[in-house]
S.K.: 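Let me give you the structure first, and then I'll get to my questions.
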Amino acid sequence: MWSEIEKRGAAAADRDIAKMFEKGNRESDFSLQFEDFLFDYSKTQMDEDDRAALIELAEASDLASRRDAMFSGEEINETEGRAVLHTALRNLSADPVMVDGADVMPGVLDTLTRMEDFANAVRSGTFTGAGGQITDVVNIGIGGSDLGPVMAHHALSPWCDGPRVHYVSNIDGAHIRETLDRLDPATTLVIVASKTFTTIETMTNAETAKRWMAETVKDPAAQFVALSTADDLTADFGIAPDRVFGFEDWVGGRYSVWGPIGLSLMIAIGPDHFRDFLSGGHMMDAHFRATPFDQNMPVMLALVGIWHNQGMGHATRAVLPYDQRLLRLPAYLQQLEMESNGKSVAMDGSELGVESGPIVWGEPGTNGQHAFYQLIHQGTRIVPCEFLVAAEGHEPDLAHHHELLVANCLAQSEALMRGRSLEEAREIMEAKGLTGDELERQARHRVFPGNRPSVTMIYPKLTPNMLGQIVALYEHRVFVEGVILGINSFDQWGVELGKELAKSLAPVLAGDADGADKDPSTRALVAYVQAHRGN
Ligand SMILES: O=P(O)(O)OC[C@H]1O[C@](O)(CO)[C@@H](O)[C@@H]1O
């Protein structure tokens, strides 16, 4: 089946996207809508037969039964022996979700209520620090325990009416120092967000924050909250059980913003808006579960991804939100997509016969236009682009800004498709008065090859509910791509080796181990650091 997709991808490379519209109705035949959310993939080289072949590929991968297995709590994370049920965290219908014969929903909803009570107490001032009402919240976490809440916090800033929330992730002391230096410990709440409660960055930052608070606050632990699956470790850290919000191992780190890991977001935007966010995710779940593949937004977004990456051989994917508040979406998606599908071994342990998931990167527009779009338009490599834009912004008094933002977004996909021919470039140069060789030389620099694929996702306005739909859409897209590739999207063994080696290098840097087992390059780098630091 893969050879068929590769064959089709190769054959499509020279197909002229703009000409494909001549047949009529391509803009509606190659787009789909869920509620008010529009996904347009008409500006790609995919034709009806390619789409049919891709859908066949999805069917042959048993996607429907894998999807049902995920929602019904089967252990689809086979390398870790776990179910995958982040969808239960946003299951506002409360319909039972069974894991090992027990319904997990009462526990999920109980935790949600506890989070809401706590968030309300912090927001209203019922829960106080030593110095009174909490003014600042510091979320200490990394990876999925940071990127989801940070991304959503930026996205939903118009709804942030609670205490200020700060996010500390990096083990670089600069991050925690620069954050805490600006805060009053007596009115600060520290959230330690770590599924495992063992992650070195998070635990080091949490200890530093505890020492900082202990300098002025009598009972620092009283101003700490833990979000974790590891009750014993949160207790060892000194956090009372009533301020621990737990979850189960069937919630993967990069899928965890919907539950306790989202507490900082809930405190910022309030529980009602957090529920709106959950409800957007839940709506996308219902759509994903019940809609035929050709009208199913996550499935078709995944198939476009497969088409460009494994079919046409484009290794990277740019995510370009024309929505400043989605500035952290590319970073969030880098973890979601690359930690999930950046694998070269199939579920059964065999080598993957095709490329793994794509390299995901991006920046908000219009900023990116003045930075890396040059390569996207005229570079030798083709970068399929994903544009996201809202019909309406949040600044009615600045509506002209939004108009220009949207115009730029639509112009980019148009330019990528149309390009500019040598003849057109010559005309431009001629109009500038150039002639002969100089005209020819200058014209060549102004040619845009065009025929570069992109998709556009448009939504009415970035609200909590809409953000929930967008995030769930991407989660399911990653799942679908993973199923089709035959990999386990829910483990991340590829992050372990670096962690282990960092642990063994720390004593070498400190001079407590000789590093004889290290390679010459690493030993030389260690020696450089030792020679150049001030001790
Ligand atoms: O929440 P934890 O356990 O601190 O893990 C943080 C992150 O580290 C990772 O395990 C990768 O190192 C991610 O998958 C996870 O989101």
Side-chain angles (χ1 to χ4, degrees), residues 76-77 79-86 89 111 115 138-153 167-172 175-176 190-210 224-237 239 244-265 328-343 356-357 360 471 474-475 478-479 482 487-506:
I76 63 163
N77 176 354
T79 57
E80 295 181 310
R82 293 174 183 168
V84 174
L85 276 177
H86 47 280
L89 301 175
T111 304
M115 287 168 63
V138 179
N139 185 84
I140 298 179
I142 196 163
S145 299
D146 169 72
L147 287 164
V150 178
M151 177 275 296
H153 187 268
Y167 291 90
V168 174
S169 51
N170 203 324
I171 197 151
D172 185 340
H175 206 176
I176 190 111
V190 177
I191 297 178
V192 186
S194 176
K195 178 176 168 179
T196 55
F197 231 68
T198 58
T199 304
I200 189 85
E201 292 92 335
T202 301
M203 299 326 296
T204 307
N205 280 324
E207 290 292 352
T208 299
K210 197 151 94 171
F224 271 68
V225 165
L227 317 174
S228 183
T229 55
D231 292 351
D232 45 342
L233 299 180
T234 58
D236 292 349
F237 190 84
I239 300 177
V244 176
F245 298 89
F247 52 106
E248 302 294 326
D249 67 5
W250 37 256
V251 180
R254 51 195 175 275
Y255 300 86
S256 61
V257 62
W258 312 96
I261 294 295
L263 183 65
S264 59
L265 176 67
R328 296 293 283 160
L329 183 70
Y332 172 79
L333 293 180
Q334 279 176 335
Q335 186 197 19
L336 183 65
E337 305 216 12
M338 293 162 79
E339 202 171 73
S340 298
N341 288 345
K343 292 158 191 171
S356 59
V360 177
V471 175
Y474 272 106
E475 285 179 350
V478 168
F479 170 76
I487 58 184
N488 180 6
S489 299
F490 300 102
D491 60 13
Q492 56 283 318
W493 301 111
V495 302
E496 294 305 325
L497 183 57
K499 287 185 193 173
E500 282 164 27
L501 294 180
K503 227 182 243 172
S504 73
L505 265 168

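One-based numbering, in listed order, for ligands and for the atoms of each. Atom set for the values below is all heavy atoms of this structure, side chains included, hydrogens, waters and symmetry mates excluded.
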S.K.: Heavy-atom contact check, 4.0 Å cutoff: does Gln335 meet ligand 1?
M.R.: yes
S.K.: Got Val225 and Ile239 here, is their nearest side-chain heavy-atom distance under 4.5 Å?
M.R.: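 A side-chain contact under 4.5 Å is absent here.
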S.K.: Heavy-atom pairs closer than 4.0 Å: do any link ligand 1 to the side chain of Thr196, the backbone, both, or neither?
M.R.: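 Both parts.
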S.K.: Among Glu337, Gln334, His86, Glu339, exactly one meets side-chain hydrogen bond (donor to acceptor under 3.5 Å, both in side chains) together with Arg254. Which residue is that?
M.R.: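 Filter result, single survivor: Glu339.
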S.K.: Heavy-atom distance under 4.5 Å between the side chains of Val138 and Ile191, does that happen here?
M.R.: no
S.K.: Verify side-chain hydrogen bond (donor to acceptor under 3.5 Å, both in side chains) between Glu475 and Trp258, making sure each step is shown before the conclusion.
M.R.: CA-CA 12 Å; Glu475 285 179 350; Trp258 312 96; 2.7 Å; yes
S.K.: Check for me whether Glu496 has a heavy atom closer than 4.0 Å to any atom of ligand 1.
M.R.: no
S.K.: Select the closest option to atom 10 (O) of ligand 1 among Glu339, Arg254, Lys499, Lys195, judged by heavy-atom distance.
M.R.: Lys499
S.K.: Hey, is ligand 1 close enough to Gly144 that some N/O pair sits below 3.5 Å?
M.R.: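 Yes, Gly144 has an N/O under 3.5 Å of an N/O on ligand 1.
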S.K.: Under 4.0 Å between a side-chain nitrogen and a carboxylate oxygen: does that hold for Asp491 and Arg82?
M.R.: no
S.K.: Can you label the angle between the Tyr167 ring and the His153 ring as parallel, tilted or perpendicular, going by 30° and 60°?
M.R.: perpendicular
S.K.: Quick test of your reading of the structure: of Ser145, Ala193, Ser256, whose heavy atom lies closest to atom 1 (O) of ligand 1?
M.R.: Ser145
S.K.: For ligand 1, which atoms have a heavy atom of Val495 less than 4.0 angstrom away?
M.R.: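 Counting from 1, the qualifying ligand atoms are 11 (C), 12 (O).
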S.K.: In the protein, what heavy atom is nearest to atom 6 (C) of ligand 1, and what distance, to one decimal place, separates them?
M.R.: Ile142 O, 3.2 Å
S.K.: Heavy-atom contacts with Thr199 under 4.0 Å: which atoms of ligand 1 show up? List them by number with element.
M.R.: 2 (P), 3 (O), 4 (O), 5 (O)
S.K.: Backbone, side chain, both or neither: what part of Gln492 comes under 4.0 angstrom of ligand 1, heavy atoms only?
M.R.: side chain
S.K.: In the structure I gave you, are the side-chain heavy atoms of Tyr332 and Tyr474 within less than 4.5 Å of one another anywhere?
M.R.: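 Tyr332 vs Tyr474: side chains apart.
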